[in-house]
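Single-structure report; data block below.
What you see is a predicted model; the values in this text were computed from it and never measured. All values below come from the heavy atoms of this structure, side chains included, with hydrogens, waters and symmetry mates left out.
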Amino acid sequence: MGSDALLTRNFVLGSLATLSLTMVFFVYYTGMSMYTLNVLNEDTVIAGVITGIFILGDVISRFLNSRWVPYFGARRTCITVMILGTLITLLYFMTKDVPLICGIAFFHGMTYGLAETALYTIVISGIPKSRRGEGIGYFMLSNSIASILGPFISISLQNTGAYTEMFVFGTAMSAAALLMCLLMKKSEAIGGTGVRPAAKAGLSDYIERNALRVSLVMFLFFFTYSGVLTFIAPYGKELGLEFYASIFFIAVSVSTLMCRLFLGKVYDRYGENVALIPSLLMYIAGMFMIATLISGPEMLAAGLLIGVMVAMLNTVSQALVVRDIPEDRVSIAVSTLSIFWDMSFAVGPLVHGWLAYEYGYAQDYLVMAFIAIIAFIVYLVLVGIPGYRKRHC
């Protein structure tokens, strides 16, 4: 293959591993709220805590990732933590005690975060710089497909009370991701430096400063979106729209899939503003629709609008944070973005759970729609306007 080839062995296997691993995330993230409400008989606040603590473990793991992945190597890190993560999924079958489930979710989240960043590092490092926007767009198709199948399977199982089967599915997907990682080819770029990190670490060992602006925008938008992931199922049940709630993420992911098939090239050719501004505005409209739902078709239409943002912000953000980064900082830049992404999903369920408990789901989504407007302004100030000036001056 030429030096500009995208479909390398590690690209394909990394995409399949990411598909399986992301399915694990969506199954647990969309499933634990209903499991907490219906099986553990707790309220939405506790549901938010259990859902968020998985992401808390994920966030903490990112700080370990940024220092130790370069030392051990992305592939070795991936295999080790996927073995641990698969074993941890078995613990969900053994208890219904809330504190124990919180502990399991925390360590499960840590293994997920370590594995995901290592996988992203493997794949993104192998994409030619001249095709990075396009390549990341294709790579993120695995995320899009997982975001279709994961929530759909999770919510469908929840609607029939098949929570044991939900956990079985999560374990199977974790094992599948491990298998794909074992089949990856070793390479110098992902093999590890063997240089032990310094005992004293500075902030730059964990955070890439050049990735902070994009990461903050990512945090704000996905903070608002986390409530959709966490509570769309009980919201749909409250409105008598259980069927539409079960297929809501199919609508989200259809538009996500379509965007990632071709819009990575839009970023490569025209830049971040042309790729992002329309999608962010569509997302705001979709959130207002969710907050004022009166019918099932309206819920699905909102899902189509929301999916555009999910696709474009994920893809363009990944490309932006590594655009001008030296190769030895790629894993730290990716980890920085992931930390902010994960923080949005850790903090989000806590806030959404409290707002839903106090004021109801609809009011929660209305508040998030207004926060999305603020996030759009932040994007223009920190990324959009500086990006326009850099491109045209």
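- The environment of CZ in F152 is sparse: at most 12 heavy-atom neighbours from other residues, nucleotides or ligands sit within 6.0 Å.
- V39 is not connected to L100 by any chain of hydrophobic side-chain contacts under 4.5 Å among Ile, Leu, Val, Met, Phe, Trp and Tyr, and they are in different clusters.
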For this session: Step by step, work out the side-chain contact (heavy atoms from CB on, under 4.5 Å) result for R213 and V217.
Result: CA-CA 7 Å; R213 292 185 178 190; V217 173; over 6 Å; no
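- In terms of hydrophobic clustering, with Ile, Leu, Val, Met, Phe, Trp and Tyr side chains grouped at heavy-atom distances under 4.5 Å, L149 and V27 are assigned to a common cluster.
- Side-chain heavy atoms closer than 4.5 Å link hydrophobic residues (I, L, V, M, F, W, Y) into clusters, and following such links, possibly through other members, connects V24 to I79.
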Atom pairs and distances, side-chain donor-acceptor, residues 347-357, under 3.5 Å, sequence neighbours left out:
residue	atom	partner	partner atom	Å
H352	ND1	D364	OD1	2.9
H352	ND1	D364	OD2	2.9
H352	NE2	F223	O	3.0
H352	NE2	S226	OG	3.3
H352	NE2	G227	N	3.1

For this session: Run the numbers on Y365 and F288 for side-chain contact (heavy atoms from CB on, under 4.5 Å), then give the verdict.
Result: CA-CA 7 Å; Y365 291 130; F288 276 110; over 6 Å; no
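- Between I306 and I290, the closest side-chain pair of non-hydrogen atoms falls below 4.5 Å.
- I153 and L19 fall within the same hydrophobic cluster, defined by Ile, Leu, Val, Met, Phe, Trp and Tyr side-chain heavy atoms under 4.5 Å apart, directly or through other members.
- Counting heavy atoms from C-beta outward, V378 and V383 have side chains that stay 4.5 Å or more apart.
- S246 and E242 are not linked by any side-chain donor-acceptor pair at a separation below 3.5 angstrom, with hydrogens and angles left out of the test.
- Under the side-chain hydrogen bond (donor to acceptor under 3.5 Å, both in side chains) criterion, S317 pairs with no residue, sequence neighbours left out.
- Of all the heavy atoms in A233 and M34, the pair that sits closest is CB-CG, 4.0 Å.
- Taking all atoms of both residues into account, the shortest heavy-atom contact from D43 to I46 is OD1-N, 3.0 Å.
- Between V252 and T256 the shortest heavy-atom distance is O-OG1, 2.8 Å.
- A distance-only check finds no donor-acceptor pair linking the side chain of T44 to the backbone of A47 [under 3.5 Å].
- Contacts of D58 classified as salt bridge (charged side-chain N to carboxylate O under 4.0 Å, His left out), with partners at least two apart in sequence or in another chain: R62.
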Exercise. Checking ring pair (Phe, Tyr, Trp, His ring centres under 6.0 Å) for the pair F167/Y35: CA distance, chi angles, key distance, verdict?
Worked result: CA-CA 11 Å; F167 290 124; Y35 177 75; 5.1 Å; yes
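- When hydrophobic residues (I, L, V, M, F, W, Y) are linked wherever their side-chain heavy atoms come within less than 4.5 Å, L84 remains an isolated member.
- Cluster membership for V45 and I50, using ILVMFWY side-chain heavy atoms within less than 4.5 angstrom, is not shared.
- Classification of the F231-Y361 ring pair by plane angle, with boundaries at 30° and 60°, yields tilted.
- As a member of the Ile/Leu/Val/Met/Phe/Trp/Tyr network built from side-chain separations under 4.5 Å, I294 groups with nothing else and remains a singleton.
- For F219, the side chain to side chain contact (heavy atoms under 4.5 Å, CB included) criterion is met by F340, M343, S344, not counting sequence neighbours.
- Screening T230, I232, L229 for a side-chain contact (heavy atoms from CB on, under 4.5 Å) with S33, the sole residue that qualifies is T230.
- For the atom pair CG of L293 and CE of M299, the computed distance is 5.0 Å after rounding to the nearest 0.5 Å.
- Two rings, from Y112 and Y28, have their centers 6.0 Å or more apart.
- When all heavy atoms are compared, the tightest approach of I88 to H108 is CG2-CB, 3.7 Å.
- Counting only distance, with no hydrogens or angles, the side chain of Q363 and the backbone of A291 share no donor-acceptor pair below 3.5 Å.
- A donor-acceptor contact shorter than 3.5 Å is absent between the side chain of N38 and the backbone of N41.
- Between E208 and V321 the shortest side-chain heavy-atom distance does not fall below 4.5 Å.
- Of the N and O atoms on the side chains of S174 and T86, at least one donor lies less than 3.5 Å from an acceptor on the other residue.
- The CE atom of M82 sits 10.5 Å away from atom CG of L179, with the distance rounded to the nearest 0.5 Å.
- With a 4.5 Å cut-off on side-chain heavy atoms, S279 and L313 do not count as touching.
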For this session: List the steps and the verdict of side-chain contact (heavy atoms from CB on, under 4.5 Å) for Y359 and V367.
Result: CA-CA 11 Å; Y359 305 106; V367 170; over 6 Å; no
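- For the pair C181 and R75, the tightest heavy-atom approach, listed with the atom from each and the gap, is O-NE, 3.9 Å.
- Judged by distance alone, with hydrogens and angles left aside, the side-chain atoms of S20 form no donor-acceptor pair with the main-chain N or O of A17 at under 3.5 Å.
- Using a 30° and 60° split on the angle between ring planes, W341 and F25 fall in the tilted class, from 30° to 60°.
- The CG atom of L220 sits 11.0 Å away from atom OG of S215, with the distance rounded to the nearest 0.5 Å.
- Annotation: the span from I284 atom CD1 to I371 atom CD1 amounts to 12.0 Å, rounded to 0.5 Å.
- Counting heavy atoms from C-beta on, the side chains of M287 and L305 never come closer than 4.5 Å.
- Residues E298 and T292 have side chains in contact (heavy-atom distance under 4.5 Å, counting atoms from C-beta outward).
- In this structure, S154 and M166 approach most closely via the heavy-atom pair OG-SD, 3.7 Å.
- Annotation: the span from N314 atom CG to M309 atom CE amounts to 8.0 Å, rounded to 0.5 Å.
- Distance CG/L380 to CG/N273: 7.5 Å, rounded to 0.5 Å.
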For this session: Give the intermediate values and the outcome of side-chain contact (heavy atoms from CB on, under 4.5 Å) for residues L37 and E42.
Result: CA-CA 5 Å; L37 295 171; E42 301 288 348; 6.0 Å; no
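- No more than 12 heavy atoms of other residues, nucleotides or ligands shown are found within 6.0 angstrom of CZ on F107.
- The closest donor-acceptor contact from the side chain of T77 to the backbone of A118 lies at 3.5 Å or more, if one exists at all.
- Contact check for F248 versus V228: side-chain heavy atoms found under the 4.5 Å cut-off.
- Looking at heavy atoms from C-beta onward, Y283 lies out of side-chain contact with F376 at the 4.5 angstrom threshold.
- One side chain, T171 or T89, offers a donor N or O that lies under 3.5 Å from an acceptor on the other.
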